[in-house]
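What follows is a short report on a single structure.
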There are 2 protein chains.
Amino acid sequence: MSPILHALEHDKPKLSQMERKLAERILASPGEIVHMGITDLAEECGISPATITRFCKVLHFKGFPDFKVKLAAELAHSDASPQDGGSSYQDIVAGNPLPFIVEAMQANHLASIRDTTSLLDLGRLQSVIDLLCRARRVDLYGMATSSIVAQDFYQKLIRIGVNCTAFADSHMQITSASSLAAGDVAFAVSYSGETPETIDALTCAAASGAATVSLTSYGSSTLATLADIPLFSSSLEQGMRRGDMASRIAQLHIIDILFTGMVSTRFGDFIPKLEQSYLNVQHYRHKRGGQS
Amino acid sequence: MSPILHALEHDKPKLSQMERKLAERILASPGEIVHMGITDLAEECGISPATITRFCKVLHFKGFPDFKVKLAAELAHSDASPQDGGSSYQDIVAGNPLPFIVEAMQANHLASIRDTTSLLDLGRLQSVIDLLCRARRVDLYGMATSSIVAQDFYQKLIRIGVNCTAFADSHMQITSASSLAAGDVAFAVSYSGETPETIDALTCAAASGAATVSLTSYGSSTLATLADIPLFSSSLEQGMRRGDMASRIAQLHIIDILFTGMVSTRFGDFIPKLEQSYLNVQHYRHKRGGQS
DNA sequence: TGAGTATGAAAATAATTTTCTTTATTATTG
DNA sequence: CAATAATAAAGAAAATTATTTTCATACTCA
């Protein structure tokens, strides 16, 4: 099932009465929705157009038309060739033979990257790139699996001379967030968007006046709502406990895009630093003569 | 290419001046069009909105919004098609507009996962899984970018109760390697396969009697030669300095396969631990009551 | 020159979003 | 256990924005 529909299904319990009616209508035949106006849909569901717009915003779309376009893209995906092609996430369970695992993992990771790419909002992405390029200082937050993603970004950013930190320790995150100021950027990564430590850190960063960016799985989440600019990776159907593998790949994919975007934007500034950092590692290593 | 775009290309000669401008703009970056209003697009092309509406009707769409939704659906299709699908790595260079970067990054990462999967040696993979499952202790080595991969594996392994370490510090790696013994496994990650610190650590581990596994880019390298079982991820043509992004994704892909393979092999042992570790995080978090 | 076509300006319409008000729900206090 | 405050949900209607249509003008080709 496509990430958007999956997110709907997932969020259903959290929704209010009218919103649920709407969600159910959308899930019932998503293909139709795409060709409907907001008024028709409202009437069919017996709700007001206002509720639909609000609903779309809760899900972090720009509005109803934006929702339609993204949904259309996803639906097209899901009925692509099921061979490796479609976006059908494979469940990986016990006792499977290795060839099956390999196949399923490949399908999941490919689908995850595709879905994430098609859901990307280029405008937001560009805004984040601009923010990061201009930032005085960048804080990266993430716990557990997400700290891997944060660390990855950290390594990239320091190589181009961006002043940034990526503490895995939640106390240090808060400490660091407290000392942020206007012109700084706080970037929070979380699979669920509900990790308390990460939410705390981002809240604190916002209070300090920093611009806030979140990177979470698709759907409504505390972290995404909190952030000035929310970014999303595709989410998998399966339970959270094992579902974060593809998500992490997708998040790294977004990190790569952000980083490349930054380098591309400020080519003159960044490339020499990137080269220099590479050369320095070589140089000092050589000087040492290989002795460890 | 998608039917709509193909039709545009095909009809181009027949179109009038302004219509051609429009068609060309659409063909230039169809992905953007989908997120634009008719007014913005008109302005960008230096034509009037009326022309766009008329143009859409000529192509037998109901109007501009209808065109957008249909185009979005088609673009999603074409992304999934094998057309981009081959193994063509795109070079990502300076000054590229964001849509291009996104497209190229997706192509690279998809190709990287596909290539890596097709290069996998299932026999070796199974050997490594068996080794890891039986290991008394596991050491993970990796510097810089590769330490991210090592850390990721570390997080997974401790969740299923495997006794392992993943120091980023090269001295600690050596120290740890020295204390390995027969029945232990040393797992070294490196993009180039020539990272001196990692080579040292793996050499030391081998000397201590541990089984050694390497994970490097495809090709002959010191590290791969050194290891009892070498594993490979696909390599990119382009220079090392920026070529490690796709490689890291591919390496994580292999880590995911290894981990899932382990869990699948020893389902009874590992799954309860995995569940427990998840529940414990939830539990202690809850107990604390959200206060940081 | 005139018939036909292409185009844009502006008016008309339609769609969407926002604001504001009402209603329902939940929590709080006497 | 009311009664009431506080909060959230939902719709009506206004405002805004987007799209389409109409109409006037300019251009092209016979």
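Below, read A as the first sequence line, B as the second, and so on, with proteins coming before strands; counting in each chain starts at 1. Computed over heavy atoms, backbone and side chain alike; hydrogens, waters and symmetry mates excluded.
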Less than 4.0 angstrom from a charged side-chain N to a carboxylate O is my criterion; do B:E32 and B:R25 meet it?
yes
Between protein and nucleic acid, restricted to nucleotides 13-19 of chain D and to nitrogen or oxygen atoms under 3.5 Å apart, what atom pairs and distances do you find?
unit_1 : atom_1 : unit_2 : atom_2 : d
D:dT19 : OP2    : B:I38  : N      : 2.5

Is there a donor-acceptor contact under 3.5 Å from the side chain of A:Q151 to the main chain of A:A166?
yes
With a 3.5 Å distance limit and no angle check, can you tell me whether A:S190 reaches the backbone of A:T216 through a side-chain donor-acceptor pair?
no
Of B:K62 and B:Q17, whose nearest nucleotide on DNA chain D comes first from the 5' end?
B:K62
Without decimals, in angstroms, what is the distance between A:L15 CG and D:dA8 C1'?
14 Å
Would you find a donor on one side and an acceptor on the other, under 3.5 Å apart, between the side chain of A:T260 and the backbone of A:D256?
yes
Between B:M18 (CE) and D:dC27 (C1'), how many Å, whole number?
11 Å
Below 4.0 angstrom from OP1 or OP2 of D:dA9, is there any side-chain N or O of A:T51?
no
Can you tell whether the side chains of B:E9 and B:K12 come within less than 4.0 Å, N to carboxylate O?
yes
Base, sugar-phosphate, or nothing for A:I47, non-hydrogen atoms under 4.0 angstrom?
sugar-phosphate
Is the backbone of B:T51 close enough, under 3.5 Å, to the side chain of B:E19 for a donor and an acceptor to pair up by distance?
no
Distance check needed: D:dA9 C1' versus A:R20 CZ, whole Å only.
13 Å
I'd like to know whether OH of A:Y154 has more than 12 heavy-atom contacts from other residues, nucleotides or ligands below 6.0 angstrom.
no
Counting neighbours of CD on A:E44 that are heavy atoms of other residues, nucleotides or ligands and sit closer than 6.0 Å, is the number greater than 12?
yes
Just one of A:Y218, A:F232, A:F55 clears the ring pair (Phe, Tyr, Trp, His ring centres under 6.0 Å) bar with A:F61, so which one?
A:Y218
In whole Å, I'd like the distance from the CD atom of A:E19 to the P atom of D:dA9.
7 Å
What is the separation between atom NZ on A:K14 and atom P on D:dA8, rounded to the nearest whole Å?
16 Å
Span of DNA chain C, from the first to the last nucleotide whose atoms fall under 4.0 Å of chain B heavy atoms
C:dA6 to C:dA9
May I ask you to check whether A:R137 and A:S176 show a side-chain donor-acceptor distance below 3.5 Å?
yes
Could you tell me how the ring of A:H10 sits relative to the ring of A:H6: parallel (under 30°), tilted (30 to 60°) or perpendicular (over 60°)?
tilted
Compute the angle between the rotation axes at the two ends of the helix from C:dT1-D:dA30 to C:dG30-D:dC1, each taken over five pairs, rounded to 10 degrees.
10°
